Every structure is written in C-alpha cells, then in structure tokens.
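Since this is a predicted model, take the numbers as computed values, not measurements.
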Amino acid sequence: MFSLTPVLVAVVCILIAWIFKNADGNMERRKGETRARTKAQPWVDEDLKDSSDLHPVEEDADDWQDSEESVEHIPFSHTRYPEKEMVKRSQEFYELLNKRRSVRFISNEQVPMEVIDNVIKAAGTAPSGAHTEPWTFVVVKDLDVKHKIREIIEEEEEINYLKRMGRQWVTDLKKLRTNWIKEYLDTAPVLILIFKQVHGFAANGKRKVHYYNEISVSISCGILLAALQNAGLVTVTTTPLNCGPRLRVLLGRPANEKLLMLLPVGYPSEEATVPDLTRKPLDQIMVTV
C-alpha cells in the first residue's frame with residue numbers, strides 16, 4: 001500500500017505541472033490575441049467607443065419612481081401622399097442626397113445663422129433611446145477658437161497618420177488626397193462639433209442613463225448631413241482621433257460629453273474639387289427577403 005505513495009506523488013506532480021503549463025499557455029495566448037487586436041486597430045479612439053449598455057445598473061432604484069411614466073399621448077398627425085407623389089418625392093430626395101459629397105475646400109463666405117439653427121433643430125428630431133436626446137451641438141464661429149481647434153487636430157492627426165492609423169489606412173486614403181493638414185478648420189465660417197452625452201442627470205442630481213447614446217447621436221448626425229445638403233451647404237465628416245478630451249476642455253464641455261464628430265460647414269470654394277467616386281448600385285446594398 002505504502003509502496004505506491006512515491007508513484008502517486010509523481011503522478012500528482014506531473015498533473016500539477018501540466019495544469020500550470022496550460023494555464024500559462026492560455027494566458028500567453030490571450031495576451032497575444034489582445035496584442036493582435038490592438039495592432040489590427042491602432043486607431044481606436046476612447047471617445048468613439050460605444051458606452052451604451054443593454055442592461056445598465058441603476059443606482060438607488062427608489063429615486064427613479066417619479067420618471068415620466070404619465071406622459072400624455074396625443075393624436076398622430078400624418079400626411080399621406082398618393083402613390084405617384086410618393087415615388088416622385090422619394091426619387092427627388094434621392095437625387096438631392098446623391099449630389100452630397102465630402103468637400104474639403106470650403107469658402108470663408110458667411111452663412112445665415114438662421115440656416116444653422118434650422119439644420120440643428122432638424123438634427124434634434126432624431127429618435128433616441130427612451131427619448132433621452134443625448135446630443136450637444138457646439139457651433140463655433142470665433143476665429144481664434146477655430147484656429148485653436150485646428151492646432152489641436154493637426155497636432156494629433158500628424159501622429160495618427162505617421163503612427164496610429166497604420167500603413168493600410170493611410171494607403172487607402174491616398175486616393176482622396178487627404179492628410180493631417182486641415183485648412184478648412186480655419187476657412188469654414190462655422191464648425192459644428194457633435195458631442196454624445198454618455199449619461200445625463202436627473203432633477204435630483206443623480207446620473208441618468210442615456211440608452212444607446214452612440215446610435216442615437218449617429219442617427220442625428222445623418223439627419224444633420226441631409227439637412228445641410230438640403231440647405232445648399234457643404235461639409236466633410238471628420239472624427240478627430242484622440243482629440244476629444246482636449247477639444248472638450250477648450251470648449252468647456254462637461255466630462256459626461258464625448259466628441260463624436262466635427263463638421264466644417266459653409267459654401268464650397270471656387271476651386272473646390274472632389275474625387276471622382278461612384279456609389280454601389282442598389283443590388284449591392286439591398287437584400288429583399
């Protein structure tokens with residue numbers, strides 16, 4: 001009986017060694033996968049990560065009993081068009097938006113502020129999770145502030161192009177003839193910076209969950225682009241990677257807001273050009289089941 005003890009001890013030692021070896025191997029593999037993901041996406045910006053949570057944990061649930069459960073419902077007002085008119089309107093709207101292009105050559109000619117007010121009001125009609133409306137549109141017209149924004153963005157963008165974005169992304173952008181120099185940030189009469197509110201505040205000062213804040217604000221940005229095109233103005237969608245915190249401080253925005261997008265807005269300059277690109281046909285973007 002006791003003569004088997006050394007054998008059992010040896011088996012146990014081998015088993016323990018095998019377990020630790022596999023644990024170390026799994027840990028190294030996980031580290032390798034993490035490094036691979038980091039290497040594959042070096043351009044990820046913390047401000048652009050979606051912080052929405054399907055099942056957020058609410059603090060002090062008793063404080064939420066007075067939410068807007070008793071919102072009155074009213075009759076829905078709807079305009080229904082004859083079928084031919086629907087087809088005509090949808091075709092005209094498509095043709096209008098099909099002319100939309102990303103324009104990087106923007107005139108310094110001033111635009112009516114009433115138009116800017118209206119397009120932002122249009123963007124504010126977007127749907128949002130639980131109607132939290134988690135967006136803030138910061139309109140910048142001051143020349144000094146615009147130039148400070150340009151300095152911050154160009155400083156970070158140079159690093160992005162040279163180090164963070166990776167060779168493939170930079171190569172893909174060559175056909176668009178874009179780089180870290182952003183003259184339009186000075187020349188465009190208006191800059192619109194769109195911030196997502198990752199959370200809000202209730203009347204009692206408690207944090208208020210903003211459901212699907214990233215998706216909600218993104219939808220709002222799409223409506224804003226359509227409204228600008230409809231008004232005869234041009235822009236280029238920019239996501240200044242790694243610039244969010246500095247721009248947030250410059251513009252005096254609170255910590256619960258994160259920069260999602262920046263739009264320089266104005267008229268195209270006389271020498272404006274755009275890449276001769278085509279869009280995918282309908283059969284490549286739509287599937288009918």
Under 3.5 Å donor-acceptor pairs involving side-chain atoms of residues 281-289, not counting sequence neighbours:
none

Can you measure from [atom1] ([X]) to [atom2] ([Y]) and round to the nearest 0.5 angstrom?
X      : Y      : atom1 : atom2 : result
Ile223 : Asn230 : CD1   : CG    : 12.5 Å
Lys208 : Thr132 : NZ    : OG1   : 7.0 Å
Asp186 : Ile106 : CG    : CD1   : 11.5 Å
Arg246 : Lys148 : CZ    : NZ    : 12.5 Å
Lys182 : Ile152 : NZ    : CD1   : 15.0 Å
Leu225 : Ser220 : CG    : OG    : 10.0 Å

Tell me, do [X] and [Y] make a side-chain contact under 4.5 Å, heavy atoms counted?
X      : Y      : answer
Ser269 : Thr187 : no
Trp135 : Leu224 : no
Glu133 : Ser128 : yes
Thr235 : Pro264 : yes
His210 : Lys196 : no
Leu262 : Ile153 : yes

Revision key, fill the gap. Exactly one candidate in Val190, Val115, Leu263 meets side chain to side chain contact (heavy atoms under 4.5 Å, CB included) with Leu233; the answer is Val115
Practice item. Apply the side chain to side chain contact (heavy atoms under 4.5 Å, CB included) test between Leu260 and each candidate in Asn213, Thr239, Leu193, Val217; give the one that qualifies. Key: Val217
Review point. Quick one: does Arg279's side chain have a donor or acceptor within less than 3.5 Å of a partner on Asn98's backbone?
Key: yes
For the [atom1] atom on [X], are there more than 12 heavy atoms of other groups (residues, nucleotides or ligands in this structure) within a distance under 6.0 Å?
X      : atom1 : result
Glu92  : CD    : yes
Arg80  : CZ    : no
Met113 : CE    : yes
Glu83  : CD    : no
Glu183 : CD    : no

Would you name the heavy atoms of [X] and [Y] that are closest together and state the gap between them?
X      : Y      : result
Lys146 : Leu185 : CB-O, 3.5 Å
Leu241 : Glu156 : O-CB, 3.9 Å
Pro127 : Ile219 : CD-CG2, 3.9 Å
Leu259 : Arg248 : N-NH1, 4.5 Å
Val111 : Gly266 : CG1-CA, 4.0 Å
Pro189 : Ser107 : CD-O, 3.3 Å

Check your understanding: Would Glu95 and Lys99 pass as an ion pair if we require N to O under 4.0 Å?
Key -> no
Practice item. Could you walk me through whether Arg100 and Leu228 pass the side chain to side chain contact (heavy atoms under 4.5 Å, CB included) test, one step at a time? Key: CA-CA 9 Å; Arg100 187 207 59 77; Leu228 289 169; over 6 Å; no
In terms of hydrophobic clustering (I, L, V, M, F, W, Y; side-chain heavy atoms under 4.5 Å; direct or indirect links), are [X] and [Y] co-clustered?
X      : Y      : value
Phe105 : Tyr184 : no
Val139 : Met261 : yes
Val234 : Val274 : yes
Val145 : Val138 : yes

Point to revise | Residue pairs passing the ring-ring contact (aromatic ring centres under 6.0 Å, His included) test where at least one lies in residues 70-89, sequence neighbours excluded | key: Phe76-His78
Practice item. Answer yes if the ring centres of Phe201 and His199 are under 6.0 angstrom apart, and no otherwise. Key: yes
Point to revise | No-hydrogen, no-angle side-chain donor-acceptor test under 3.5 Å, Gln197 and Thr136 | key: yes
